Structure formats: structure tokens, C-alpha cells
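None of the values given here were measured: they were computed from a predicted structure.
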Amino acid sequence: MDRPIGYWVKHLDNLLEDAMGQALAAYGTSRRDWQLLNAAAHDGSAAMLAPFDGVEEAVRSLTSKGWLADGRLTDEGRAAHAAVSEHVMRFRRRITEGVSPQEYLATVDVLRRMAANAER
């Protein structure tokens with residue numbers, strides 16, 4: 001606890017970015033590609049990620065793979081999402097090992113409230 005929360009948030013984000021990149025390398029995708037693929041699978045479009053850096057590149061990447069067309073998943077994209085989802089779930093279980101569901105939810109809630117405070 002000798003470092004402030006900003007250090008740990010940024011450090012964890014960097015570690016997750018690197019580890020997720022390694023985990024997704026077998027699929028030729030990046031973390032942002034996965035986020036876009038997952039968003040498109042759950043709400044039917046990629047629009048919710050529009051304000052984030054790297055979305056345009058991820059759209060091009062998924063489109064070139066044939067997984068996305070006009071902002072929506074193709075049949076190939078749905079199949080890819082199913083395959084990559086299994087891999088991501090294993091990754092998430094490894095990363096959250098030793099963290100209870102209550103601790104995870106509490107952490108997310110605290111970070112959400114801190115973000116809301118910073119946005120004010």
C-alpha cells in the first residue's frame with residue numbers, strides 16, 4: 001500500500017494489456033479487437049466503443065478477417081467470438097484467482113465512483 005491508487009490502476013492496465021495481447025496472439029487479435037468483437041456480439045454493433053482509442057484500427061482488423069461487416073458480426077465473427085471467448089474466460093479466471101466475487105464487485109464499484117468524482 002506504499003503507492004497511490006493511480007499507480008496500481010495504470011500498472012494493472014499495462015500488465016493486462018501485455019498479458020491479454022499474448023493470450024490473444026494465437027487468434028491474431030489485439031485487446032481492442034477483442035473488446036470490439038465482444039461488444040458487437042453482445043449488443044449487435046460496435047458503436048459503444050466509438051470514443052475509445054484504437055477502435056478504427058480494430059474495425060479494420062476485424063473487417064479484414066471477415067468477422068465484421070457494416071459494424072455487425074458476420075457468421076465467421078460469431079464463430080470467432082465463441083472460440084476467443086473461451087480463451088478470454090480462462091485468462092480472466094487466472095487474473096482474478098484469489099479475488100472473491102464480492103471483492104471484485106467492490107473494486108469495480110470504488111473505481112466507478114472515483115471516475116464519476118473525477119468527471120465532475
Side-chain angles (χ1 to χ4, degrees):
M1 291 297 223
D2 59 336
R3 298 188 185 210
I5 194 166
Y7 167 84
W8 291 112
V9 168
K10 186 65 175 168
H11 182 61
L12 178 59
D13 184 57
N14 288 336
L15 290 171
L16 289 173
E17 190 76 33
D18 291 345
M20 183 66 97
Q22 292 172 16
L24 295 173
Y27 296 96
T29 61
S30 68
R31 183 178 178 196
R32 185 63 79 211
D33 288 352
W34 161 249
Q35 290 168 329
L36 179 62
L37 182 66
N38 196 46
H42 285 99
D43 91 344
S45 79
M48 69 176 273
L49 290 178
F52 295 102
D53 291 338
V55 172
E56 298 83 11
E57 185 178 326
V59 168
R60 284 190 297 274
S61 174
L62 298 183
T63 300
S64 73
K65 288 176 175 62
W67 296 357
L68 197 68
D70 298 320
R72 300 204 174 277
L73 286 185
T74 62
D75 290 340
E76 294 85 5
R78 282 186 283 285
H81 179 263
V84 177
S85 289
E86 287 297 319
H87 198 74
V88 169
M89 292 310 293
R90 284 192 302 274
F91 172 80
R92 287 179 178 164
R93 282 193 297 274
R94 183 176 64 84
I95 295 300
T96 59
E97 189 175 309
V99 178
S100 74
Q102 296 81 8
E103 289 172 316
Y104 180 86
L105 291 174
T107 301
V108 170
D109 182 55
V110 167
L111 292 173
R112 179 196 55 76
R113 285 182 281 144
M114 290 177 74
N117 291 341
E119 289 172 340
R120 270 192 274 141

Undergrad: So Y7 and H11, would you call those rings parallel, tilted or perpendicular, with 30° and 60° as cut-offs?
TA: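 Ring orientation of Y7 relative to H11: parallel.
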Undergrad: What residues form a side chain to side chain donor-acceptor pair (under 3.5 Å) with S64, not counting sequence neighbours?
TA: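 For S64 there are no side chain to side chain donor-acceptor pair (under 3.5 Å) partners, ignoring immediate neighbours.
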Undergrad: Judged by atom type as modelled, is there a donor-acceptor pair below 3.5 Å linking the side chain of T96 to the main-chain atoms of V99?
TA: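 A pair under 3.5 Å: no.
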Undergrad: In terms of hydrophobic clusters joined by side-chain contacts under 4.5 Å, are L15 and V88 together?
TA: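 Result: no, two separate clusters.
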Undergrad: If we only count heavy atoms from C-beta on, is the L68 to L36 side-chain gap below 4.5 Å?
TA: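 Yes, close enough: below the 4.5 Å cut-off.
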Undergrad: Tell me whether the rings of W34 and H81 are parallel (<30°), tilted (30 to 60°) or perpendicular (>60°).
TA: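 Geometry flag for H81 against W34: parallel rings.
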Undergrad: Determine which pairs satisfy salt bridge (Lys or Arg N to Asp or Glu O under 4.0 Å) with at least one residue from residues 75-95, sequence neighbours left out, and list them in order.
TA: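 Sorted result for residues 75-95: D75-R78.
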Undergrad: Hey, could you give me the CG/OG distance between L37 and S30, rounded to the nearest 0.5 Å?
TA: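 Rounded to the nearest 0.5 Å, the CG-OG separation comes out at 10.5 Å.
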Undergrad: Where do K65 and D33 land on the side chain to side chain contact (heavy atoms under 4.5 Å, CB included) test, with the steps shown first?
TA: CA-CA 11 Å; K65 288 176 175 62; D33 288 352; 4.2 Å; yes
Undergrad: Output the distance between atom CZ (R32) and atom CG (L62), rounded to the nearest 0.5 Å.
TA: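 Spacing of CZ (R32) from CG (L62) equals 12.0 Å.
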Undergrad: Only pairs under 3.5 Å count here: list side-chain donor-acceptor contacts from residues 20-29, not counting sequence neighbours, and write none if there are none.
TA:
none

Undergrad: Residues two or more places apart in sequence or in another chain: which of them pass side chain to side chain donor-acceptor pair (under 3.5 Å) with T63?
TA: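 Per chain and number, T63 pairs via side chain to side chain donor-acceptor pair (under 3.5 Å) with no residue.
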Undergrad: Supply the members, apart from M114, of the Ile/Leu/Val/Met/Phe/Trp/Tyr cluster built from side-chain contacts under 4.5 Å; use none for a lone residue.
TA: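 When side chains under 4.5 Å apart are linked, the cluster holding M114 also contains I5, V9, V110, L111.
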Undergrad: Taking atom CG of D70 as the centre, does the number of heavy atoms from other residues, nucleotides or ligands within less than 6.0 Å exceed 12?
TA: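 No - once you tally the heavy atoms of other residues, nucleotides and ligands closer than 6.0 Å, there are 12 at most.
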Undergrad: Using side chain to side chain contact (heavy atoms under 4.5 Å, CB included), reason through D109 and Y104 one step at a time and then give a plain yes or no.
TA: CA-CA 9 Å; D109 182 55; Y104 180 86; over 6 Å; no
Undergrad: Filter on salt bridge (Lys or Arg N to Asp or Glu O under 4.0 Å), then keep only pairs touching residues 4-28, sequence neighbours left out; what's left?
TA: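 Sorted pair list: D13-R31, E17-R31.
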Undergrad: How close do E103 and G98 get, heavy atom to heavy atom, and via which atoms?
TA: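 It is OE1-O, 3.8 Å.
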